Amino acid sequence: MADKLILPTEVKVCATCSYWDGERQVDEDMKLVVVSEECQGECLVQEASKPGLHDVRKECSCIWEDLEPDAPPAAAPGPADT
């Protein structure tokens, strides 16, 4: 079995980006991303192969986007609510 690293989802590496297509597991309850230490994937924005643990803080062409889903929009008040 390969060594695994567990990363909080707020860590800005390729494996925590919604635009990275590689093998990973996302634990919604614990807010963790689990990747193999040697994992590779494709950056869908740059169309390039990137290691999952690639630090994107110094990437000028990176548009890193958090895996966390957007908050649902607030419901607009209806006629019964006024």
Side-chain angles (χ1 to χ4, degrees):
M1 181 175 190
D3 289 338
K4 304 275 183 182
L5 296 175
I6 300 174
L7 303 171
T9 54
E10 65 269 6
V11 174
K12 291 188 176 183
V13 295
C14 287
T16 61
C17 179
S18 64
Y19 298 124
W20 183 79
D21 185 21
E23 190 173 326
R24 62 183 166 200
Q25 294 176 335
V26 180
D27 185 315
E28 299 295 333
D29 295 331
M30 298 294 291
K31 303 293 186 207
L32 297 171
V33 176
V34 183
V35 297
S36 166
E37 190 173 7
E38 300 298 324
C39 66
Q40 294 281 324
E42 182 182 359
C43 172
L44 302 177
V45 173
Q46 298 177 12
E47 297 180 342
S49 179
K50 299 278 185 174
L53 300 179
H54 180 72
D55 183 351
V56 300
R57 291 176 294 180
K58 295 182 178 138
E59 287 269 341
C60 297
S61 59
C62 178
I63 359 179
W64 185 90
E65 181 181 77
D66 198 330
L67 286 173
E68 190 71 32
D70 294 333
D81 295 330
T82 55

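All values derive from a computational prediction rather than experimental measurement.
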Looking only at non-hydrogen atoms, find the nearest pair between Arg24 and Cys14 and report the distance.
NH1-O, 4.0 Å
Could you list the residues that satisfy side chain to side chain contact (heavy atoms under 4.5 Å, CB included) with Gln25, not counting sequence neighbours?
Val34
Show the nearest heavy-atom pair for residues Trp20 and Ala15, with the distance to one decimal.
CE3-CA, 3.6 Å
Give me the atom names and distance for the closest heavy-atom approach of Asp27 to Met30.
OD1-N, 2.8 Å
Close side-chain approach of Asp66 to Thr16, heavy-atom, < 4.5 Å
no
Output all residues satisfying side chain to side chain contact (heavy atoms under 4.5 Å, CB included) with Ser18, sequence neighbours left out; order by chain, then residue number.
Glu65, Leu67
For Cys62, check side chain to side chain contact (heavy atoms under 4.5 Å, CB included) against everything at least two apart and list the hits.
Gln46, Val56, Glu59, Trp64
With a 4.5 Å heavy-atom cut-off, do Cys39 and Glu23 have their side chains touching?
no
For residues Val11 and Val26: do they belong to one hydrophobic cluster (side chain heavy atoms under 4.5 Å, members Ile, Leu, Val, Met, Phe, Trp, Tyr)?
yes
If I take atom CG from residue Asp55 and atom NZ from residue Lys12, how far apart are they, to the nearest 0.5 angstrom?
10.5 Å
Close side-chain approach of Glu42 to Glu47, heavy-atom, < 4.5 Å
yes
